[in-house]
Participant: 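Take this structure first; my questions come after.
Please read these numbers as outputs of a predicted model, since none were measured by experiment.
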2 protein chains.
Amino acid sequence: MARTGRPREFDKEQTLERALKLFWSRGYGATSIQDLVDALAVERGSLYGAFGDKRRFYLEAVRLYWEVYERHLLTALDTSPLLPALREILTHPVRLDELISDAGVPQGCLVGNTTAELVPQDSEATEIVTHSYRRFTDIVTDALRRAQAAGEVTGRAHPEAQARMLLYLVQGLSLVSRAGSDTAAALAAIDTALDGLRA
Amino acid sequence: MARTGRPREFDKEQTLERALKLFWSRGYGATSIQDLVDALAVERGSLYGAFGDKRRFYLEAVRLYWEVYERHLLTALDTSPLLPALREILTHPVRLDELISDAGVPQGCLVGNTTAELVPQDSEATEIVTHSYRRFTDIVTDALRRAQAAGEVTGRAHPEAQARMLLYLVQGLSLVSRAGSDTAAALAAIDTALDGLRA
DNA sequence: CGACTTCTTGACTAGGCGTTCAAGAAGTCG
DNA sequence: CGACTTCTTGAACGCCTAGTCAAGAAGTCG
């Protein structure tokens, strides 16, 4: 029976969220433990006690990121007609208004950033990233299948192929937007792709 | 008048190319000067003498990367019909056979990787990356304009929007492929997008 | 209260990092 | 040859890094 000791003074979940934002904007390598200590107002020892080493801390943040995103994806795509919802999802990276981004600039997708920086060197990172991509395509494939059946989306291509195209599209948009976004141009590009899906 | 001193013993261009490959596969942060010294067989001091510090060295490699890519792009798209050539360009990241990749695995696009790791922290990196994206869309836009005029590509969307969509697509494919590529699925996704461009 | 457990704090360690530099080698030029 | 310039080599420097740890604080439970 676990005798409980001194209770943790900081909110672990909230600290992870804040660390996520820092990792998201600066990347893994460029974020030092000292940066985290300063930004989170939690001492080094406590961080190590709660999250293990830096790598585990980061990977945990990526997992949380994906978890939140996946939930958003599932609820957003559970609708008909599908294409407006899809447009919402795809253009999300350049619509800074909502969600987690503090800085006011697009920071790309944390999964994508991880892919660039840690994959394929780090096998655990590769696992997380691969899982996320897989989940994305599965969820979008299901939605497209329904939309094809409803006659909203063209059946000229398999929904798997369409979903994967959308994965590439959203990852590309997320990445490129990090370098500064011309929102109008981005929307036009997304709409061009979506037009190709229309029945 | 520049009195010439002791001549450089290593080939600067070739050394830069080899450094490019290392940076490409490991990323900026994960590649140490010592790694470079070991892999290039050039002593630290000589590297600093020839290329300046690590950051300049890296940025120079990114510039070279883009220069080579742009040349390839220009010659490949100067043709009609356009779509087969476009397909060649877009699927390049997963066709490991040719070009620079040694490791035998897709390593993404160095410009994209730089976007994830250094942008927007580093303004010079941001400049290079922005320039590359701009050149890509300009070149592809021109090609699409011609193909629209020839009746090969649909005029339902502006060529600028189509080009930008293709930029997102190729960047997304490059990135995602780093995590392991299902070549057939990737090709199907690309073809789905290209079908949407057909007149 | 006193035994026990866990968390906090911040100084500390060891190592790796990017970068510098002095001494010598290898050229050119007068 | 001797003056001059540039490149090479590798040791050395200082800094910053991730990670540890011992001492004390803050709880729970018998």
Participant: List for me each residue that meets salt bridge (charged side-chain N to carboxylate O under 4.0 Å, His left out) alongside B:Arg8, sequence neighbours excluded, and say none if there are none.
Facilitator: none
Participant: Nearest-Å distance, CG (B:Asp38) to P (C:dG18)?
Facilitator: 12 Å
Participant: Kindly write out the residues that satisfy salt bridge (charged side-chain N to carboxylate O under 4.0 Å, His left out) with A:Arg44, not counting sequence neighbours, or none if the list is empty.
Facilitator: none
Participant: Show me the dot-bracket string of DNA chain C, counting Watson-Crick or G-U pairs under 3.5 Å, with | for pairs to another strand and [ ] for crossing ones.
Facilitator: ||||||||||||||||||||||||||||||
Participant: With sequence neighbours excluded, what pairs up with A:Glu152 under the salt bridge (charged side-chain N to carboxylate O under 4.0 Å, His left out) test?
Facilitator: none
Participant: Excluding sequence neighbours, so at least two apart, what forms side chain to side chain contact (heavy atoms under 4.5 Å, CB included) with A:Ser32?
Facilitator: A:Gln34, A:Asp35
Participant: For A:Thr114, which residues count as a side-chain hydrogen bond (donor to acceptor under 3.5 Å, both in side chains) partner, sequence neighbours excluded?
Facilitator: A:Tyr58
Participant: What does the B/S/- profile of nucleotides 9-16 of chain D look like, 5' to 3', with a 4.0 Å heavy-atom cutoff to protein?
Facilitator: BBB-----
Participant: Please identify each residue that fulfils side-chain hydrogen bond (donor to acceptor under 3.5 Å, both in side chains) with B:Glu127, with sequence neighbours left out.
Facilitator: none
Participant: Please confirm whether the backbone N or O of B:Tyr28 pairs with a side-chain atom of B:Glu117, one donor and one acceptor, at under 3.5 Å?
Facilitator: yes
Participant: Can you figure out which of D:dG27, C:dT28, D:dT17 approaches the side chain of A:Pro7 most closely?
Facilitator: D:dG27
Participant: Who pairs with A:Glu43 by salt bridge (charged side-chain N to carboxylate O under 4.0 Å, His left out), at least two apart in sequence or on another chain?
Facilitator: none
Participant: What is the separation between atom CZ on B:Phe10 and atom P on D:dT6, rounded to the nearest whole Å?
Facilitator: 15 Å
Participant: What pairs with A:Thr126 under side chain to side chain contact (heavy atoms under 4.5 Å, CB included), at least two apart in sequence or on another chain?
Facilitator: A:Val119, A:Thr130
Participant: Taking atom P of C:dC17 as reference, at what distance in whole Å does atom CZ of B:Arg26 sit?
Facilitator: 11 Å
Participant: Scan residues 158-180 of chain B for pairs that pass salt bridge (charged side-chain N to carboxylate O under 4.0 Å, His left out), counting only residues two or more places apart or in two chains.
Facilitator: B:Arg145-B:Glu160
Participant: For DNA chain C, what residues of residues 48-63 of chain B have any heavy atom nearer than 4.0 Å?
Facilitator: B:Tyr48, B:Asp53, B:Lys54
